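Have a look at the structure below, then the notes.
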Amino acid sequence: MEFQLPDFDLRVMMPEIFLFLWALVVITFDLSTKRRSGAAVAYLAMFGLVITGILLAVAGTGAGFGAMFFNDAASIFFKVIFLGAAFMAIGSSFGLLRQKIQHHRGEFFGLILLSTVGMMFLASSNELLSLYIGLELTTIPLFVCAAFFKDNRLSVEAGIKYLIIGAFSSALLLYGLSLLYGLSGTTDLLQMRINIATTHLNFREIGMLPMISVIMLVAGLGFKLALPPFHQWAPDVYEGSPTPIAAFLSVGSKAAGLIAFAKIMINGLQVFYDQVMAPSDWGILVAVIASAAMIWGNVAAIRQANIKRMLAYSSIAQAGYIMIGMVALNELGMAAVSFYMFTYLFANMGAFAVVAIFEDTTGSTQISSYNGLAKTSPFHAASMSVFLLSLAGIPPLAGFFAKYYVFASAIKMAGAADDKSWLYWLVGVGLLTSVFALYYYANIIKTMYFTTDESPYRLSVASPGSAMVLIGLIGVLLFGLYPTPILEFAAGIPEALGVVVP
Amino acid sequence: MVPIHAYLMLAMILFGIGAFGVLVSRNVIVMFMSVELMLNAANLVLIAFSRALGVVDGHVFVFLVLAVAAAEAAVGLAMIITIYRNRETINIDRYNLLKW
């Protein structure tokens, strides 16, 4: 039998291949040098991320590996988010090098890079198999990173909880994928669309199976995105794991879950909702999850005394806001979701960078120990306030525009179709819970500013961690005042993801 | 030839046993084994459909899933050993320093 190899176009995969090799370089560099300065390893890893970003621009758009690997507007946009998240996570782990990570530094940074490679593969894959492998490559290194302080009881416990939940959710997802494969007869998402739309494939005749498949997929991806009722792991894991890893989980891993969700649920299955399930059925299922995320995340965050737990609940709520744009299932919605994730990168990574510096200096993650911080460390206190206000969605910060576009997309869709009026309710829940969110964010600002005490701690401004805070600050302010270029780029994403407007 | 429904039924039962094991068992190693059972249920679905459809995609998928499961088991068992050294127990209910 004549067997023809597919066209291996390595050009589009260059950034991933480079970053993968670079992760190995980082690990071997740490093994082969004297361990006096761990900072060199971290700088090496950050350098690799910058080079990967340049290669991403050089590689451009296109398809490779028999169209299994795509670089389009959506994947490039999300890859930039992943690289940014990894860069800022590594940048805020310099404090750990001094005390907590004396050994295996190469592994720590190498695993972050490998996880980033997984996310990048995920963003480029247009096919179930590579999507699954990408997702696993994203999470497995993060299990190890979460448990990296192996003598610290909290860290190990966080790792094991993340491991069990992560493995369980991957199994759910895989079961959903396997049914999807059988029902549509292909692993290729584009082909799947065509097969569902045109053929009389068993998709319609096989009873419960399509429904089971969709439920498994939503559950599996819901775990990855920490959406209720699959969110309980997030606060525990964020609290126990090293702060930069918690930050990376909350931004990088969430963005990866998001793009996987968009690819499977929208690119692959949108036709399915139109033809078999009413689109509003699917929408209401996800809308209920999104409202639960916004309500539960924001209400539970109010009670938290630990700032990492509070940020974990806040990120659950943020995932709920992101889902509003996803449910809207229109062009504006997908663009809004991508823009939201981009602003969230700066605000959340910045906030976690401040938390990391504070933890390295004081050893505390309690909100009460931020008392009077504004007097001794004005830069960090002011930056933290800006990040929190951006997360709350106060104009003119970037987070405001993100929330605005997400809500606008839902309102537009609700006005366009009669059976979508429930979207108004979703927007209503979103607006109402934003008020709760403002309360607990403002509470931290109050603790730092409006107190007569002076904090006994002074945070160092001249450190790599503070540079990361500065990057976050610039991002939040710049894209708040001038979001146009990002919005213009994000406008190409819905088309790349194949959003069909009914 | 055994009809495909039989395979799907068997896979669903296996998956159910696995999911039940994860949710009910308190022993971390048993939970981990149950997850492997769930993965194998998915593998069975892939193989069954692959044969029924007459394409090899599913077979290839299964090999890679097996490799991923092996990687996950390697990391998972290493972490279970670490936490055993730390706590001297593998009962998940005793891992309660972080509120579950």
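So that the names make sense, note that chain A is the first sequence line, chain B the second, and so on, each numbered from 1. Nothing here was measured: the structure is a model prediction, and the numbers come from that model.
With hydrogens and angles ignored, the 3.5 Å screen pairs a side-chain donor or acceptor of B/N86 with a backbone N or O of A/K150. The main-chain N or O of A/R153 is found under 3.5 Å from a side-chain atom of B/R87 such that the two form a donor-acceptor pair.
When all heavy atoms of A/G185 and B/L53 are compared, the closest pair comes out as CA-CD1, 3.6 Å. Contact record, A/I160 with B/M79: N-CE, 3.7 Å, taken as the closest heavy-atom pair.
Contacts of A/L174 with chain B are made by both backbone and side-chain atoms, with heavy-atom separations under 4.5 Å. Contact of A/E157 with chain B is made through backbone and side chain together, with heavy-atom distances under 4.5 Å. For chain A, the nearby parts of B/S50 are the backbone and the side chain; heavy atoms of each come within less than 4.5 Å. At a 4.5 Å heavy-atom cutoff, the contact between A/A167 and chain B is made by backbone and side-chain atoms alike. Residue A/D151 touches chain B through its backbone alone, counting heavy-atom pairs closer than 4.5 Å. In this structure, the portions of B/I80 lying under 4.5 Å from any heavy atom of chain A include both its backbone and its side chain. Only the side chain of A/I212 comes within less than 4.5 Å of a heavy atom of chain B; its backbone N, CA, C and O stay farther away. Residue B/F15 touches chain A through its side chain alone, counting heavy-atom pairs closer than 4.5 Å. Looking at B/V55, both its backbone and its side chain come within 4.5 Å of chain A, counting heavy atoms on both sides.
The side-chain heavy atoms of A/L209 and B/L8, taken from C-beta on, include a pair separated by under 4.5 Å. Proximity of A/Y132 to B/L64: side-chain heavy atoms (C-beta onward) are nowhere separated by under 4.5 Å. Between B/F49 and A/Y181 the shortest side-chain heavy-atom distance falls below 4.5 Å.
Taking CE of B/M38 as the start and CG of A/L173 as the end, the distance is 11.0 Å to the nearest 0.5 Å. Atoms OH and CG, from A/Y175 and B/L46 in turn, are 10.5 Å apart once rounded to the nearest 0.5 Å.
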